[in-house]
Amino acid sequence: MNRGMAARIAVLLCASCAWAPWLAADEWVLGGGGGLPWGDLVQVRAQIDDQSSPGAIQIRGFTPDENIITTLSWAYGKPNDLVSEGNAALWDNTAARNSISLSIVDGDDTTSTADLFKTAGVDQDGRTFFLDMGSRVPADSLVFFPRQEGTYANGKPFSDDFVRKHRISVSDGLTYVNEQPLFTLLRDVPVNPNSVFTMKFPQQFIRFIQLRVGSRSPFEIAEFELYGNGFVPRATYRSQVIDLGEVSNYGTISWAQRALELVEGELIELPNLGQTSVAVRMKTGQDDSPLVHFQKVVDDETRAVSQEVVSEADYNKLPSGEKGDIEDDADNWSPWSLPLESGQLIPLPSPRPYFQLQIIMESQSVTQTVRIDSLRIEHSLPPAAAVVGEISLADEPNPPADIGVIDKDDAVVLPSIDGGEEVLFAYDVRAIINNNQNGFDALRIDTPTPARFVGLQMGDPLEPVEPDRVSVGDRSLEVIFTSNKITFDNNVPLRVLFEGSTVVFGTIFTGTVWDTQSDILGQPVLEGDANFDVSTNSLRVALTQQSVGEIVRAIEFNPSVFTPNGDGINDHIAIKYTVIQISEPKPIEVAIYDLAGRLVRVLADREQPGGIYTEMWDGRSDADEAVPPGSYVVSLSVDSGIGNFRRVGVVGVAY
Amino acid sequence: MRCMLYAAVVTAGVALLCDAAFAQRVGFLTGREPRGVDVYDMAMTPAQRKWQYPQSLYHFYRWTGEEYSNYARQNYERYVSTELEGFRTYDLYGNYITRGFEVYNWSMDSPVTSGSTVRKGPKYRGWFQSLIVSSMSKGQFYSSMTIGEALRTTLTPLTFSKPAFNGAQWDFAADKYQMTLLASRLASPGSAVQFENSLGQILGDMTNLFGVHSKVQLGDFSKLGFTYLNIANFSTGRKLGDNSLKGVLTEAQNGGNVETIVLRLSDDSPEDGVGGAQLFAERIIINGVDHPEIVPSPRGGVRRAGVIEANGAETLELTYNIARDFRQQPDDEITTFQEISEIEFELVIANDYRIEITSNLQVNAQGEPVFLEVERAHGNVSDGSNQRFIRFEYGLPTGKDIIGFNFDVDDIKGFNMRSELAFSRAFRRFPNQNFQEHALAQDDGMAYYITASQDAYPFFAYGEFYRLEPEYQTNAFISDARGFIEYEHPERYSFEAVDDNDDQDRFADWKRLWQNGDNAFGESPFGTGGQADPQVFPGHDENSDFISDFNQNDNSQPDFAEPFLRYNVDPPEFLFGVDMNNNNVIDRFENDTFADYPYRHDRDGYNVYGGVHLTEAIKATVGYSTADEISSKRSAQMSYAVVTGEWKWPGIEARAFQYARSVQDDIEDDVIQWVDPDGFRETIDPLIAQDTFVWTGYLTFDYLRLKNLNIYNKVKYDWFSQRGEQAEVKDNRLFFGAINKVDYPLPITDNLSFWPRYKSVYRKINPTFSTDLDITEWSQFYMLTSKYFILPGTFIEYGVELNLFRNLEERPEILPPGYVDDFTGSVLALQLSNRSAYLGYSLTMNTGFRWERRAFAEATETNSLLFIRVFAGLQD
């Protein structure tokens, strides 16, 4: 390093120190002692309890004296129209759609259905009420009754107009027949002598209740009450769209959760999650709405109906006939992630300023709940405004137009290799860096199989560059190039050449760039056109058509004859095999047999997904005895979803 | 010599011509041939005066318009319809056929816009009640053409079997050969018109059916058969040669260009929530050229590491906007999307997928897209190991054909065999209004079965092997009068070559337009009027009166719950029979909504059993059965043993059935069962035999030896013993029921008789699922009826019934659903009956009342019935 360069580095370091307060990752916190209140940011709240433990949310539970009906938000619904989580609906089968029936769930026993079912001469047999509670709740008793106070002008009390015969059916909302909930009869009451009908039943989860009146005489209902004891099976918390205020990269997400069990009226913390589960999902976006609203537009001449994008505010003002679809904004927002794990790196597109959270808590036991005390999300300014990358075969930068990926606006073509075949890949990266951004000096490429670094090229045109450090893991390749850091002033494309392989069609070779000289979070490499001479515009690699359908490739031995005599030369044999296509762990067995078919040694008997694996055999049996010299059969067996695949090979043992 | 020969020929010809019979055969000189109009001498008279030449009024009534008519001597004769005897009819060659009426006419004239006519004249219904049979025979050769609207027709069980086929069937039979031709214009087979001058039903686009089945006797014991059935769209606007047995697009189907196509991928086994469709990549190929610029817009699904998945209830839709995105590629011969003649898709897909497709031309009557299935994964893979490239073309359905072969062996030293192999091909064509010829795609399916049995007393053996692929289909779309097909409306737009008719009556269980005896039965009280069979209870109608045997008086109460009737009728849960699919419903009572193939669709398996007659009365059978559901991973294996015994002695009858099986069955065999009196109820397979030992027994003992004393006893039990992992999630199930009945008809005098009866019903049920109720109940019924004849045709009948119901389970504090408390019931009934003859009918008048009371511990229910009923019958 010469003096000039040292001076430049010193300036850079000083400059980075001056900016240090801006270069660290930040934390966004929800709940807990110092975080944002859960209730302030909620968009959808279904059976969420944020009152029992301040600063935390948990699955809601009910006590035997708490009327479940009044804890829900009721609206008059329509038959066949199931409500979304967090809402509840009531409807009846009167011809005139009349929301008076909502009085039976308003928690006020002085209001009732009044005269709705008291028309003289009208047979009330068959009146049916449907209650949809939006989600399942534990229930063991219900009560309904007319007004207990007050009389008609003729002195007859309202309480006399009670339902004298009825059937109550319930559904847990899990089983549907012809898109209708499957109801089971809870009680058939041929004769009800009591104004206040009370019924106890074995506790069960209920979502739908159907009350069918069987008596002909007029009636009214003032209140319908439902009671239970325990925690609901599912609770959902969905946040509003969160605006971080600036474009950000996302690091890890973490939260503190505890499973609790109700024991003799006290909540006791469980050592593990017990029968509860938590699923946290997240999505990131470029704007403040993850939805796209459409307005129906009719062409005056052709009368053809099309849809145009409008804002949410304008959409809400439209008459119902002009309201079009509401779709996910796939252009500016990612879909919901798979359930994340606490401490996991958020695998979503970034940098983006907006995100949204969804937490679903479930419990298989009415006595157990799960509580989340707080949730944290790491974020930081990005080292670059955008980083794109594409992968290709080094000797075929423009593969023939073939099968394409399905969620890209631009046409992309995938480089194709035979499953398990080792090839030389070229991984191109190009960035857009603003003058107030750090840039990056490191690149990590996630590889599905062990890779071998071949070279680094930078500049336009690309020239070989010596990296400062290279580190190769089982499934990753890291290249550090601090000496040639990509910055606003030195924004050049780069290319990493490496040998590798893939075994599953369409594997993404994800990449991350970061600045080793700061604490800001790494930035994912997005698919795009990083090299104008390469036409793939994708980070995915396909398998050739002939290798799709082939689960196991031939076994390779190195050497084919080995001498396990302890002399340090060829004392072991490497048995390398490739399993293609299998995306989840499946039983794989590698075993050694003698020529008589007797099992000598089991080298591997485990579950693993597709990949390239190597087992080593030292020439000893399961009894740890040296095997006699001769030929041995190596058997590889993969038990896949479409059957058992087997490959065999012969190796020699000599001394 | 030559002249003599010539003269001889002429003479012979003249002689022949004078022979009337011969003249008829060659169609000469009957005197009734169409001749047009002749030239008359009188018309040559050059007079100015216009006289009316004598025509029909003169010929029939000697009347002319110019002569004075006076009816004093010769009375007036009324006009008589000249149509009474019909009209002269002629064939294609001008040969006179008969004087009568056209009863049936099906003709296709092409190329004519609306050239297909089916006309059924008024006499078709008036004279023949919608059924015409034209037959002939000579020696061993027989032929018969039958035209009707409800023909019970079967070619083979896998290819064609309908109880009420609307069409024409032409049969030929000789000593060793038989053949049947079927034909029908499925789109509109026609109905009888009202007037003789009314036109029939005229169509331009239609769906026709043509089929042939032939059978030949090989030797004395075997028969070989061949079947070909074709259902295809035809258009009379095309020349006959431009139509195709693979069908053509109707005008409505081909009414535009394909502008958007939507592929929908979903989980073929959504109930497991995982391992659904996994899509890795796609491409669209137009006219054989790749078009990467047409990028689909995905909607739905979950993205994960380079793949989009649709699990459980999720769906992934890929919308290809071809009209907007199509660009001519270097290899393209076309320049615009309007010139596209073929679109193919290639997907890289894995796991348990289901692919459906629609387009802007594949819509329902409301213009909404209708998805049709393209492909489904076999099995239920979830690890990606079945990843493959799938390629398919887009097209609208135009036709289907079914080809079948069958071979039977009858009784070669006790050996019998029936076998059948059938292939179905469904055809689709790519619509484009600019073309007359359209690219064809086809989907194939196969089905076969072989059953063989050997009887060698005392031993017997039986084996059956079968496979019915999910792609094997015998239904096809049919168009309406406009050529429109609504693909999601099977009642109107689907034809089934094999009907669903589980109760084996004259009505198909499902509703299909034109094919439920619409006109043949519509006016009959037993008809369905083209509707689905409203009452399907297989095995529950042994007297074939279309009324459930468990509710013979067809009221709102099943007979086994009705006073007095319940003595003879036991609840259906006491029925016994084999349940080979382990869905807890006896096979012979099952009702489903699937075509009645000999084996369940989407199944591959076999069943073998052998046995021996241990004695004349006792038979033992052991066997093994296995079946896989091809489209999923579900399977059923069962080892079983059956021992049956029947003994009869004078006045004593005993039967014993024991049925034990070891079962591992997770195939869902849902059915729809008839529950008296409510009707159909969907019965979900509870899957309670996934790893289970099942033992079912049925014993009856009837003692009738003593005069007038009748004793009947019946015991039934089911025991499901769960094993392995199933034992952790399910309880062992027990059903034990016993029925004992005694009655003693006691005639006191000629006019007076008593009939005491006693019935005891004991039930114990330990259910599989702990959420269901344990039941131990004992009901006793004491009945006494008495009949006193006042007059020979008049009698009073008095009845009293006492019902003691005891719930032997411990009464819980909180009564669970379905729990019935103890009660004592009593019924009093009095009826006066009078039987007499009136206007040739036998009238029976019943009047009386019935009073019922049920006394629970906490409440009492009563109800009463007063009635006057009169029945008229043809029998005494």
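All values reported here derive from a predicted model rather than from experimental measurement. The chains referred to below are lettered A, B, ... by the order of the sequence lines, with proteins before strands, and numbering in each begins at 1. All heavy atoms count here, side chains included; hydrogens, waters and symmetry mates do not.
- Counting non-hydrogen atoms of neighbouring residues, nucleotides and ligands closer than 6.0 angstrom, the CZ atom of B:Arg391 exceeds 12 such neighbours.
- With rounding to the nearest 0.5 Å, the separation of CD in A:Glu327 from OG in B:Ser297 is 9.0 Å.
- Residues satisfying the side chain to side chain contact (heavy atoms under 4.5 Å, CB included) criterion with A:Val638, sequence neighbours excluded, are A:Ile551, A:Val552, A:Val579, A:Ile588, A:Leu636.
- A distance-only check finds no donor-acceptor pair linking the side chain of B:Ser385 to the backbone of A:Ile582 [under 3.5 Å].
- Surrounding CZ of B:Arg388 are more than 12 heavy atoms belonging to other residues, nucleotides or ligands, all under 6.0 Å away.
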Pair B:Phe280-A:Val504, side-chain contact (heavy atoms from CB on, under 4.5 Å): steps then yes or no: CA-CA 10 Å; B:Phe280 294 85; A:Val504 176; 4.0 Å; yes

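- With sequence neighbours excluded, no residue forms a side-chain hydrogen bond (donor to acceptor under 3.5 Å, both in side chains) with A:Arg136.
- Taken from CG in B:Asp383 to CD in A:Glu607, the straight-line distance is 10.5 Å, to the nearest 0.5 Å.
- Once rounded to the nearest 0.5 Å, the distance linking CZ of A:Phe505 with CD1 of B:Ile349 reads 12.0 Å.
- Residues A:Ser583 and B:Gln278 come closest through the heavy atom pair OG-NE2, 4.2 Å.
- Looking at A:Pro190, the atoms closer than 4.5 Å to chain B (heavy atoms on both sides) all sit in the side chain, from C-beta outward.
- Checking side-chain atoms of B:Asn386 against main-chain N and O of A:Ile642 turns up no donor-acceptor pair under 3.5 Å.
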side-chain contact (heavy atoms from CB on, under 4.5 Å) between B:Glu346 and A:Gln545, intermediate numbers included: CA-CA 11 Å; B:Glu346 187 171 67; A:Gln545 192 159 350; 4.2 Å; yes

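- The number of heavy atoms from other shown groups lying within 6.0 Å of CD (A:Glu341) does not exceed 12.
- Among A:Thr510, A:Leu543, A:Leu338, the residue making the largest number of heavy-atom pairs under 4.5 Å with chain B is A:Leu338.
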